[in-house]
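Numbered from 1 within each chain, the chains take letters A, B, ... in sequence-line order.
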Amino acid sequence: MKSMDNLTISAQLDVENIEAGYNGESVLQKISFSVPAGQSLAVVGPNGAGKSTLFKVLVGLLPIRAGTVQIHGKPLGYHMDCIAYVPQREVIDWKFPVTVMDVVVMGRYGKLKWLQKPRKEDFDIALHSLEQMGIGDLAKNSIVDLSGGQQQRVFLARALAQKPHILIMDEPFTGVDASTQETTMNLLEELHQKGVTTIVSTHDLNMAATRFSQVLLINRKIIAYGKPDEVFTPENLQIGFGGQVLSMHGVMVVDECCPPDDLR
Amino acid sequence: MIEFITSPFTYSFMQRGFLAALLVGVLCSVVGVYIVLRGMAFLGDALAHAILPGVAIAYLLGGNLILGAFVAAIAVAIGIGFFSSEGTIKEDTAIGILFSAAFALGVALISSIRTYAVDLSHILFGNVLGVSEKDLIFTAVLTIIILLIVAVNYKQFMVISFDPILATMMRLPVQFLHYLMLVMLGLTVVVSIQTVGVGLAAAMLVTPAASAYLLTRRLPSMMIVSAIIGAISSVVGLYISYYINIASGSAIVLTATLIFLLAFAFSPRRSKITHS
């Protein structure tokens with residue numbers, strides 16, 4: 001687990017019959033699926049479908065009421081640091097007094113003892129991760145100075161520094177510029193090739209259809225799961241999104257009541 | 001000029017007062033960094049008021065007032081955590097209920113005493129010149145313990161403050177660290193009642209840290225600058241109080257406020273924040 005090449009160890013994720021929600025109300029019901037090692041999975045569904053809830057379950061933020069989640073065949077929590085999670089940018093306090101480097105080095109804290117200071121190796125890995133995201137020159141900047149796209153790259157760099165087996169990202173394509181979308185997607189594909197299992201939620205159905213190996217369509221329960229062309233059938237889309245999806249000339253558009261955040 | 005600076009120190013109670021103010025100024029300002037960054041200012045104020053019943057009971061029993069405050073602060077901190085954990089009620093609601101209840105109980109207890117006016121004013125507004133040798137030692141020990149807690153848990157406190165999701169994923173004992181921070185805050189408030197009193201404790205927690213927030217870009221420098229501002233406010237405030245004969249707690253808090261106003265005017269952060 002401590003070796004540098006643990007990026008090549010990918011993880012199988014098994015979710016079986018889970019139920020989860022808040023304050024007595026169940027958001028997710030009877031969700032079961034398996035992600036084979038090294039797949040790239042897009043999770044799609046209408047607003048309120050439980051995508052974020054599912055992610056909270058996967059990272060251990062929300063306890064499940066029933067069912068099991070297993071990684072490498074072991075229950076959630078058995079592996080200390082094999083999942084990296086990139087949060088939605090809105091949940092972060094961007095005025096917190098830390099530099100870009102500070103944030104990325106935090107990704108290494110899980111590998112350090114309670115009192116241990118980050119080692120040179122940790123700073124090297126952090127800087128390398130920043131360079132991979134094309135923002136090595138921002139290492140010393142305060143996070144308050146960053147644009148939306150740069151903010152996302154910082155958290156991607158942190159996820160890279162964690163050297164995860166599974167990378168989970170909540171809505172990485174929402175509210176960032178096209179170049180960051182592309183950098184994000186390239187990184188996901190690169191990680192995918194290295195065998196890291198990547199799981200991403202998105203509103204962008206075309207992205208899900210063209211650039212991921214698996215798609216999970218949910219609306220509180222599973223509507224469809226499989227290869228993109230198996231999932232994106234008119235019937236499934238009708239069940240999942242109702243009248244919200246328009247398919248025009250092979251391009252799928254979701255008509256949303258709550259549009260994603262404006263670009264910064 | 002030298003005499004101007006040294007003359008207060010000819011009295012031993014002034015020496016103790018200066019030392020106590022200095023310790024409390026530094027301690028409040030360092031702990032205050034977390035209060036400001038985590039948006040816990042309301043909690044700090046609440047805790048300061050909530051220790052009143054502990055002080056009152058200690059007074060009635062003839063015990064040590066600081067010890068009474070200490071017990072009350074911990075009880076209330078844990079009570080707030082208890083009512084708001086699991087999201088049963090929101091934390092600020094729990095704080096609102098518990099701190100007013102405790103304050104009311106404190107006032108009720110004190111009002112049963114006939115000659116309470118002087119002591120009450122000391123508790124409410126501080127009495128830095130009445131600090132005994134025992135109080136000073138207690139303050140010094142607590143300051144060292146709390147600064148050690150901050151040093152030992154520096155990384156962990158930073159993660160739970162900046163990114164609680166990462167903290168959970170790292171399997172940090174998030175609940176324990178949260179309680180530890182509350183206890184730390186409670187202890188800090190207890191020692192601060194000597195210099196600025198229950199009524200003004202929140203100012204010492206928040207004002208120097210907020211000034212440092214405006215002037216710095218990283219957590220370690222924010223802590224150091226905050227501690228320096230807290231120390232300067234305490235010492236300058238005491239001199240002002242000595243020479244123009246005003247309440248010491250007020251003088252300290254007003255000095256800190258003046259520094260904050262300067263920091264606000266010259267902050268490099270302000271222009272950035274308004275632009276984004």
- Do the non-hydrogen side-chain atoms of A:Tyr85 and B:Asp163 ever get within less than 4.5 Å of each other? no

- Go through the atoms of A:Leu115 and report whether side chain, backbone, both or neither lie under 4.5 Å from a heavy atom of chain B. both

- Item | Heavy-atom side-chain proximity of B:Thr168 to A:Val59 below 4.5 angstrom | no

- Spatial distance of atom CD1 (A:Ile92) from atom CD1 (B:Ile165) [nearest 0.5 Å]: 6.5 Å

- How many angstroms lie between CE in A:Met101 and CZ in B:Arg218, if you round to the nearest 0.5 Å? 10.0 Å

- Compare all side-chain heavy atoms of A:Tyr109 with those of B:Gln156 and state whether any distance is below 4.5 angstrom. no

- Hey, does the side chain of B:Lys155 reach the backbone of A:Lys113 with a donor-acceptor pair shorter than 3.5 angstrom? yes

- Query: Does the distance from a Lys or Arg side-chain N to an Asp or Glu carboxylate O, for A:Asp102 and B:Arg217, drop under 4.0 Å?
  - Reply: no

- Message: Tell me whether the rings of A:Phe96 and B:Phe162 are parallel (<30°), tilted (30 to 60°) or perpendicular (>60°).
- Response: tilted

- Message: Quick check for you: among A:Ile143, A:Val91, A:Val98, A:Asp93, which has the greatest number of heavy-atom pairs under 4.5 Å with chain B?
- Response: A:Val98

- Does the side chain of A:Trp114 come within less than 4.5 Å of B:Leu172's, by heavy atoms? yes

- Query: Quick one: what part of B:Ser161 sits under 4.5 Å from any heavy atom of chain A, side chain, backbone, both or neither?
  - Reply: both

- Message: Just so I know, are the side chains of B:Leu37 and A:Pro97 near enough to count as touching, which here means a heavy-atom distance under 4.5 Å?
- Response: yes

- Message: Are more than 12 heavy atoms, taken from residues, nucleotides or ligands other than A:Glu131, located less than 6.0 Å from that residue's CD atom?
- Response: yes

